[in-house]
Amino acid sequence: MRAPTIRVARGSHCSWSRCDDLHWSSPRHGSGRKFPVWKYFQIGRSSARQLSMLLIAVIAGMTSELPAGMKYASSQACCTVRQGKLIMMRQANGMMDVRLMRTLLTLLTECSVSKTADILGQAQPTVSLTLKRLREMLDDPLLVRSGGALVPTERGLALKETLRDILGQIDAHLSPHATFDPDNATRNFRIIADNCLGAVFLPQLVGKIAQKAPNVGVDASHMPSYDDLISQLADGSIDAVIGNWPHPPEYLRMSPLLTTDIVCVVRPNHRLASQREPISMGEFLKEKHLSPTSDKRAHLSPIDGRLIELGLKRNIAVSVPEYAITPYVLTQSDLVFTTGRIFAEQIAQAFPLVVLEAPRELGHMQFYMLWHECKHQSPDHVWLRQMIKSVAAGVRVCDPTESVPITFLRAGAPVFV
């Protein structure tokens with residue numbers, strides 16, 4: 001197949017900044033037919049403008065043959081002087097999209113335009129035009145007649161194997177994710193549950209995951225700083241957070257887990273230990289308190305966050321880095337520890353401690369699961385969320401306040417299940 005010959009007609013309005021006046025001619029289209037180069041050769045306007053400048057520079061003032069060997073090339077097109085004529089050929093680089101690849105692979109596999117049209121659900125003339133375009137792009141017949149059938153050329157056979165590999169990789173990357181297989185999965189989940197629920201919740205979650213997915217690990221990490229937490233959720237290094245902040249971030253996905261009432265824990269010889277009625281807010285504020293949350297992060301505490309909303313502040317005499325330390329500190333001091341009933345009753349069973357009703361103004365403690373949008377569609381993560389919800393449901397059954405409705409403080413926050 002002869003490549004189109006590009007020439008500039010004398011007396012035309014070509015200029016250094018325009019390419020629409022370039023003429024092309026070929027044996028099939030007749031001489032001197034006007035056609036924009038950038039449209040016919042499917043190159044960008046800027047590339048066509050560069051080509052126009054080159055052509056004018058080469059041809060201007062010449063009346064005889066052009067100097068042989070002069071070339072112009074880009075990622076989309078190239079031209080060269082052959083036998084006194086400027087020949088331009090299109091290149092396939094950057095022009096072969098996935099649709100054309102699939103059409104070409106089907107053509108080379110079926111060796112039939114009509115069968116290809118049926119398989120792809122296209123009209124036969126459309127496939128014929130596509131084959132014609134592919135032949136021009138690749139400068140090869142691709143399919144040739146052999147008796148009454150079409151057979152691939154040598155280039156076509158080579159392209160067939162290449163296209164099968166390329167499209168196979170594309171399909172593998174773009175196809176929907178396979179479902180999570182817990183029996184054979186080998187990965188780690190990183191979970192943050194640095195609150196009173198963690199001590200009750202995490203052991204059960206680890207046990208359930210070990211039972212369902214024996215090769216899946218759990219990294220139960222300490223709560224990082226707020227900024228680091230948000231950053232690590234966004235980059236995927238944290239899979240889920242079990243939180244109880246008064247105001248969880250609105251741009252994170254959230255699913256409620258459970259709600260429990262708030263109680264106070266003291267040692268048996270504390271002055272309030274024999275009290276049966278809820279502690280009044282006045283008495284509560286007079287006491288020295290033990291907290292796992294420092295003053296710097298008071299707004300993240302469900303206790304101090306609620307007090308801030310009420311315009312109040314308690315006296316945190318001691319803060320500890322871990323919930324596991326609290327019962328040991330309580331047995332050696334007259335501090336008051338305020339927490340959810342689930343954790344309070346657990347430590348009261350293991351240590352000589354007394355559980356008291358907290359001021360009613362503190363309301364209830366609400367726990368939820370947070371995760372980032374980047375994890376939402378992951379089959380692995382969907383399975384993890386199901387495990388977390390399952391364990392939370394078991395904890396909720398044991399909670400005497402399970403009938404308390406979950407009403408989050410952030411108004412209008414989306415809840416995902």
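Along the sequence shown, residues carry numbers from 1.
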Would you say Asp171 and Arg102 make side-chain contact, with heavy atoms under 4.5 Å?
yes
Would the number of heavy atoms belonging to other residues, nucleotides or ligands and lying under 6.0 Å from CZ of Arg164 be above 12?
yes
Verify, without hydrogens or angle tests, whether Arg306 (side chain) and Glu361 (backbone) share a donor-acceptor contact under 3.5 angstrom.
yes
Locate the shortest heavy-atom distance separating Phe180 from Pro379; write the atom from each residue and the value.
CB-O, 3.6 Å
Any donor-acceptor N/O pair, Ser231 side chain to Asp227 backbone, under 3.5 Å:
no
Quick test of your reading: applying salt bridge (Lys or Arg N to Asp or Glu O under 4.0 Å), list the pairs with at least one residue in residues 310-322, sequence neighbours left out, ordered by first then second residue.
Asp295-Lys313, Asp304-Arg314
Step-by-step side-chain contact (heavy atoms from CB on, under 4.5 Å) determination, Arg155 to Asp139
CA-CA 10 Å; Arg155 177 83 186 281; Asp139 195 25; 5.7 Å; no
For Lys375, look at atom NZ and say whether over 12 heavy atoms of other residues, nucleotides or ligands are found less than 6.0 Å away.
yes
Among residues at least two apart in sequence or on other chains, which ones pass side-chain contact (heavy atoms from CB on, under 4.5 Å) with Ala220?
Leu202
Any Leu108 side-chain heavy atom under 4.5 Å of Leu143 side chain
yes
Which atom pair, heavy atoms only, marks the closest approach of Val151 to Cys111?
CA-SG, 4.4 Å
Using side-chain heavy atoms (C-beta onward) and a distance below 4.5 Å, is Phe367 in contact with Thr260?
yes
Only counting residues at least two apart or in another chain, list the ones meeting side-chain contact (heavy atoms from CB on, under 4.5 Å) with Ile119.
Thr106, Glu110
Any salt bridge between Arg133 and Glu136, counting N to O under 4.0 Å?
no
Measure the CG-OG1 distance between Leu300 and Thr293 for me, rounded to the nearest 0.5 Å.
7.5 Å
Report the distance from atom CG of Asn315 to atom OG of Ser291, rounding to the nearest 0.5 Å.
11.5 Å
I need the minimum non-hydrogen distance between Arg385 and His376, along with the two atoms involved.
NH2-O, 3.3 Å
Could you work out, with side chain to side chain donor-acceptor pair (under 3.5 Å) as the rule, every residue matching Ser114, not counting sequence neighbours?
Ser112
With heavy-atom distances below 4.5 Å as the criterion, would you say the side chains of His372 and Leu252 are in contact?
yes
To the nearest 0.5 Å, tell me how far Gln232 CD sits from Ser225 OG.
8.0 Å
Between Leu104 and Thr130, is there a side-chain heavy-atom distance shorter than 4.5 Å?
no
With a 4.5 Å cut-off on side-chain heavy atoms, are Leu100 and Met137 touching?
yes
Applying ring pair (Phe, Tyr, Trp, His ring centres under 6.0 Å), can you list everything that pairs with Phe284, at least two apart in sequence or on another chain?
His289
Distance (rounded to the nearest 0.5 Å) between Leu233 CG and Asp228 CG
11.0 Å
Are Arg190 and Ser221 linked by a side-chain donor-acceptor pair shorter than 3.5 Å?
yes
Does the plane of the ring in Tyr328 sit parallel, tilted or perpendicular to the ring in Phe351? Use 30° and 60° as the thresholds.
perpendicular
Can you name the closest pair of heavy atoms from Pro141 and Thr153 and give their distance?
CB-CG2, 4.2 Å
Check: Tyr368 side chain, Trp245 main-chain N or O, donor-acceptor pair, under 3.5 Å
yes
Indicate yes or no: at least one non-hydrogen side-chain atom of Val336 is less than 4.5 angstrom from one of Leu356.
no
Atom CG of Leu290 and atom SG of Cys264: how far apart are they, to the nearest 0.5 Å?
11.5 Å
Hey, can you tell me if Phe343 and Tyr323 have their rings parallel, tilted or perpendicular (30° and 60° cut-offs)?
perpendicular
Determine whether Leu307 and Leu362 make a side-chain contact, defined as any pair of heavy atoms from C-beta on separated by less than 4.5 Å.
yes
Looking only at heavy atoms, which two atoms of Gln122 and Thr103 are closest? And how far apart?
NE2-OG1, 4.5 Å
What distance separates Asp165 CG from Ile170 CD1, expressed to the nearest 0.5 Å?
11.0 Å
Of all heavy-atom pairs linking Thr339 and Ala344, the shortest is CG2-CB, 3.8 Å
Side-chain atoms of residues 204-215: list all donor-acceptor pairs with protein atoms under 3.5 Å, sequence neighbours left out, distances to 0.1 Å.
{"from": "Gln204", "atom 1": "NE2", "to": "Val200", "atom 2": "O", "distance (Å)": "3.4"}
{"from": "Lys208", "atom 1": "NZ", "to": "Ser390", "atom 2": "OG", "distance (Å)": "3.4"}

